[in-house]
Amino acid sequence: MESVHFHEASSIDTAIDIIGSAIALDDLKLFSDQIISTQVAVGGGTLTFSHGTTSNPASAILEIFRGSDIVICGGQVKEELTTPTGASLLVNLADRCSEFYPTMKIKSIGYGAGSKDFDGFSNVLKIVKGESIDEFQLDTVQILETNLDDVSGETIGHMIDKLIANGAKDVTVTGAITKKGRPTNLVSIICDPSVTNRLMSILVSETGTLGVRVRSSNRYIVPRIIVTVPIIVQGKNFTVRCKIVKHEETIKHFKVESDDIKSISESASLSFKAASDLISDEVKRRLNIK
Amino acid sequence: MVVVIDAQIAGISGDMLLSSLVNIGANKSKVIDGIYSVEDYLKGSKITKLDFDKVIKHGIEATHLVLETSENHHERKGMEIQECILSTSDKIGLSEKLKFLQRKASDHYFMQNQRYMENLWNQYIFTKRQVLILP
């Protein structure tokens with residue numbers, strides 16, 4: 001942090017935008033709502049600043065969006081449309097990025113103007129608050145299946161770990177009997193379409209399978225959020241990750257990440273079950289769950 | 001309830017977000033008073049003009065941030081800005097939860113230094129939602 005300098009004389013502006021937005025968000029109680037970002041226009045062209053000329057979007061903005069769910073899009077003008085402050089506020093506020101508006105009833109609309117004027121479009125940010133109609137979110141996954149009748153248990157175990165590490169959302173292996181009474185394993189993998197090819201190569205190289213069935217499936221998922229909760233176990237501070245399912249402000253269901261339970265059970269010399277019970281109680285207390 | 005932030009056409013800057021929140025109904029004087037507290041923590045900078053007005057851009061009436069500042073320092077260290085944001089939050093009594101959001105947003109902003117960024121992510125593993133839930 002000590003080595004990071006601001007180069008443009010806009011540093012107080014940043015503080016003002018961040019503080020002002022936080023106050024406004026607090027006043028509007030928008031933290032209780034699900035915040036969705038659309039695709040973000042980043043403009044184009046070049047930008048000259050104290051370190052010379054760079055192309056838009058500049059490095060700061062690329063870094064801020066890197067690894068986030070936010071989709072950026074270049075155009076319509078050869079100017080900077082999204083600033084680092086805007087990007088960082090958005091990345092931290094938005095729960096997800098969506099191509100289209102969700103199913104919703106509209107309650108209120110806000111327009112915030114940028115300082116420049118452009119031909120061909122209105123330089124305003126639009127925010128729309130409303131009541132979501134979907135209780136579930138819809139997404140698309142791909143399901144990969146194959147049968148393995150001549151691989152060892154160890155190969156299968158290794159395959160599962162490798163698939164998960166490379167982006168599979170879930171891997172299930174079921175035992176079955178096939179022709180000639182041979183035991184076989186039905187492997188079923190759920191993944192995002194973007195990793196299908198990668199997972200297929202892994203399947204083929206790790207197991208030697210000669211065919212993989214692929215199909216797309218729509219999937220309804222219950223919206224869930226992952227939070228980090230600080231807890232105290234045996235007088236020591238820990239943090240655990242929990243998946244939370246909420247319905248209208250009340251927490252309906254929570255699940256603590258088992259790796260976190262495991263590491264706490266090891267540090268506190270407790271059995272997994274004892275640690276799990278203790279942690280659950282602590283989390284319930286912390287989150288005010290009855 | 002759901003909120004859509006639509007930056008598809010004109011992108012997003014800090015002042016556009018702030019103005020859109022005022023436009024959708026945030027208390028303008030509360031926001032302005034809170035912003036003035038920033039001055040106390042950034043020595044050598046003054047806010048000479050601060051208000052929100054209405055402008056029309058291609059037929060759409062929108063709120064616009066009017067801001068004029070005078071700064072003596074041309075360059076500031078990242079630490080200063082972050083301290084400023086946190087101290088202002090304390091002073092105006094912004095709930096703990098918002099301080100976390102601000103800290104994350106300001107940390108993100110300072111990520112010119114990649115290694116610094118990696119350390120930061122190791123430290124700050126919460127998402128925004130955490131702060132909603134902690135009492």
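This one's a predicted model, so the numbers in the text were calculated from it and none came from an experiment. Just so it is clear: chains get the letters A, B, ... in the order the sequence lines come, proteins before strands, and each one is counted from 1.
No side-chain heavy atom of A:Ile36 sits less than 4.5 Å from a side-chain heavy atom of B:Val3. Annotation: side chain of B:Met1 is not in contact with side chain of A:Gln34 (no heavy-atom distance under 4.5 Å). Using a 4.5 Å heavy-atom threshold, the side chains of A:Thr38 and B:Ile5 count as separate. Annotation: side chain of B:Val4 is in contact with side chain of A:Met104 (closest heavy-atom distance under 4.5 Å).
Taking chain B as the reference chain and counting heavy-atom pairs below 4.5 Å, the highest number among A:Ser115, A:Ser98, A:Cys242 is found for A:Ser115. Heavy-atom pairs under 4.5 Å with chain A were tallied for B:Ile47, B:Ile32, B:Asn27; the largest tally goes to B:Asn27.
In terms of heavy-atom proximity, A:Leu81 sits nearest to B:Ile9 at CD1-O, 3.7 Å. Across all non-hydrogen atoms, the minimal contact from B:Gly34 to A:Ile23 is CA-CD1, 3.5 Å.
Only the side chain of A:Leu28 has a heavy atom closer than 4.5 Å to any heavy atom of chain B. Both the backbone and the side chain of A:Val40 come within less than 4.5 Å of a heavy atom in chain B.
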Could you go through residues 11-26 of chain B and list every donor-acceptor pair under 3.5 Å that involves a side-chain atom there, pairing it with any protein atom two or more places apart or in another chain?
from    : atom 1 : to       : atom 2 : distance (Å)
B:Ser13 : OG     : B:Asp15  : OD1    : 2.7
B:Ser13 : OG     : B:Met16  : N      : 3.3
B:Ser19 : OG     : B:Asp15  : O      : 2.7
B:Ser19 : OG     : B:Leu65  : N      : 3.3
B:Ser20 : OG     : B:Met16  : O      : 3.3
B:Ser20 : OG     : B:Leu17  : O      : 2.8
B:Asn23 : OD1    : A:Tyr111 : N      : 2.9
B:Asn23 : ND2    : B:Thr63  : OG1    : 2.9

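For residues 68-80 of chain A, every residue pair satisfying the side chain to side chain donor-acceptor pair (under 3.5 Å) rule, not counting sequence neighbours, is listed here: A:Glu79-A:Lys116. The side chain to side chain donor-acceptor pair (under 3.5 Å) analysis of residues 253-264 of chain A, with sequence neighbours excluded, yields the pairs A:Arg241-A:Asp260.
If you take CD on B:Gln8 and CZ on A:Phe100, they are separated by 9.0 Å, rounding to the nearest 0.5 Å. Taking CD1 of A:Ile16 as the reference point, atom OH of B:Tyr36 lies at 9.0 Å (rounded to 0.5 Å).
Of residues 50-58 of chain B, those residues lying under 4.5 Å from chain A by any heavy-atom pair are B:Val55, B:Lys57, B:His58.
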Intermediate values then yes/no, side chain to side chain contact (heavy atoms under 4.5 Å, CB included), A:Asp13 and B:Thr69: CA-CA 8 Å; A:Asp13 292 18; B:Thr69 57; 3.9 Å; yes

